[in-house]
Amino acid sequence: METILLPTDFSETAKNAGRYAMQLAKQMGAKKIVIYHSYEIPVTIDPLVPGIQMLDVASLKADSEKGLENFRVSLMAFASGITIEVFNEYGALSEGLDEVCARVNAGLVVMGITGGGALEEKLIGSNAISVAKHTSVPVIIVPPTVQFTRIEEIMLTSDFDKDDRSVPVQLVKKMVAETRARLFVFNIDKEAAENESADTNRKQTEEYVLHALLEELNPEFHFSQNTNFVEAVNDFVSEYQIDLIITIPKKHGFFGSLFSESHTKKLAFHSHVPLMVIHQ
């Protein structure tokens, strides 16, 4: 991993994600953090004034540059050999982020998640959710109160069919290799969970193609019968002291999509640890 892209809106949540990214970069051996800010003209309609009021683009750009420099300076205390660069442009955050990653050679995006109210979560969501949905580069979403802990235990949430070969295992392997973490594969499977025989569970695990694809990582496979997905994941995180969750949303099936009612979105808002979204 050479470069991590850090989108920011200069909020406290974004600053917390920035501190997390800096320390993650050290663990993964990344050489550079690029702080990125996209700005748009906010449009407001004043009922007392006909027409649309717009701010000057040049002023927005100047404010963006000032904010980026202040943010860069605030992260310098965590740099320790890591180069910090800044980059801003006009446009929507989620649109064209793949192009930004390509321009700065970023292999990972790290950002915080905003929001929190039930209505906001359901109807509005977060920039982080939008970025994770539209960006092909892996995205780590950092909860607002989570501080960095060295990644030693990684949990891969799986609902894949036994013969599914579409799992992007190379990205999973890369993350495990760069953090040198232990890998757990977690699946909600009522039939498997209800069977208390360790030998039977082991045999069923070996029937999954995913077992063969990840075999060199020597992962532990676990099954849960708790159909409340977020609760099941958080319980597992607590029991096994997980430091990072990896999820691979599918267009159909258990995870659904990254829209408002998806498991991935719910987990992003309610996870106790950072969530890494990888696309197939």
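Between Tyr20 atom OH and Met111 atom CE the span is 15.0 Å, to the nearest 0.5 Å. To the nearest 0.5 Å, the span separating OG1 on Thr247 from CD1 on Ile141 amounts to 9.5 Å. For the atom pair CG (Leu156) and CD (Glu220), the distance works out to 13.5 Å, reported to the nearest 0.5 Å. In this structure, CZ in Phe71 is found 9.0 Å from CD1 in Ile84, a value given to the nearest 0.5 Å. The CD1 atom of Ile246 lies 9.0 Å from the CG atom of Leu171; values are rounded to the nearest 0.5 Å.
Across Ile33 and Ala25, no two heavy atoms sit closer than the pair CD1-CB, 4.1 Å. Nearest heavy atoms, Gly18 versus Leu75: C-CD2, 3.8 Å. Between Gly107 and Pro138, the shortest heavy-atom contact is O-CD, 3.7 Å. The two residues Asn16 and Pro144 make their nearest non-hydrogen contact at ND2-O, 3.3 Å. Residues Leu6 and Val110 share a closest heavy-atom pair of CD1-O, 3.2 Å. Considering every non-hydrogen atom in both Ala21 and Ile4, the closest pair reads O-CD1, 4.2 Å.
Using a 4.5 Å heavy-atom threshold, the side chains of Phe186 and Ile245 count as separate. The closest side-chain heavy-atom distance from Ile154 to Arg182 is not below 4.5 Å. By the 4.5 Å heavy-atom criterion applied to side chains, Phe87 and Ile35 are not counted as neighbours. Using a 4.5 Å heavy-atom threshold, the side chains of Lys61 and Asn88 count as touching. Side-chain contact check for Leu275 versus Ile140: every heavy-atom pair is 4.5 Å or farther apart. Inter-residue side-chain proximity for Leu108 and Met28 is flagged as met; some heavy-atom pair is nearer than 4.5 Å. Taking 4.5 Å as the limit, every side-chain heavy atom of Glu239 sits out of range of all side-chain heavy atoms of Asp235. Side chains of Ile82 and Met22 form a contact here, defined as non-hydrogen atoms less than 4.5 Å apart.
Between His37 and Phe10, the angle of the ring planes lies from 30° to 60°, which puts this pair in the tilted group. Taking the six-membered ring where tryptophan is involved, the planes of Tyr39 and Tyr90 are perpendicular, since the angle between them exceeds 60° and thus also 30°.
For Gln27 (side chain) and Thr179 (main-chain N/O), a donor-acceptor pair under 3.5 Å exists by modelled atom type. Between the side chain of Ser271 and the backbone N or O of Pro274 there is no donor-acceptor pair closer than 3.5 Å. Between the side chain of Asp243 and the main chain of Glu153, a donor-acceptor pair closer than 3.5 Å is present. Without hydrogens or angle criteria, Asn187 side chain to Phe223 main chain gives no donor-acceptor distance under 3.5 Å. Side chain of Thr135 to main chain of Val131: a donor-acceptor pair is present (N/O by atom type, distance under 3.5 Å, no hydrogens or angles). The backbone N or O of Phe78 lies less than 3.5 Å from a partner atom in the side chain of Lys26, making a donor-acceptor pair.
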| request: Walk me through it: do Met175 and Ile151 pass the test side chain to side chain contact (heavy atoms under 4.5 Å, CB included)? | output: CA-CA 10 Å; Met175 192 64 189; Ile151 298 175; 4.2 Å; yes
List the steps and the verdict of side chain to side chain contact (heavy atoms under 4.5 Å, CB included) for Met155 and Phe236.
CA-CA 9 Å; Met155 171 186 186; Phe236 189 88; 3.6 Å; yes
- prompt: Hey, mind stepping through Leu5 and Val104 against side chain to side chain contact (heavy atoms under 4.5 Å, CB included) and telling me if it holds?
  reply: CA-CA 8 Å; Leu5 185 71; Val104 302; 4.2 Å; yes
Test salt bridge (charged side-chain N to carboxylate O under 4.0 Å, His left out) applied to Lys173 and Glu216, step by step = CA-CA 9 Å; Lys173 289 179 178 179; Glu216 66 186 75; 3.0 Å; yes
Item to check | Thr157 vs Val233, side chain to side chain contact (heavy atoms under 4.5 Å, CB included): CA-CA, chis, key distance, verdict | outcome: CA-CA 8 Å; Thr157 59; Val233 169; 4.2 Å; yes
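Looking only at atom types and distance, the side chain of Ser11 has a donor-acceptor partner in the side chain of Asp9 under 3.5 Å away. At a cut-off of 3.5 Å, with distance as the only test, no side-chain donor of Thr3 or Asn105 sits close to an acceptor on the other residue.
For an aromatic pair to be called close, the ring centres must be under 6.0 Å apart, and His222 with Tyr240 satisfies this.
With salt bridges taken as basic N to acidic carboxylate O contacts below 4.0 Å, one links Arg103 and Glu89. Contact check on Lys66 versus Glu69 returns no salt bridge, with no Lys/Arg side-chain nitrogen under 4.0 Å from an Asp/Glu carboxylate oxygen. The existence of a salt bridge linking Arg72 and Glu85 is excluded, since no basic side-chain nitrogen approaches an acidic carboxylate oxygen closer than 4.0 Å.
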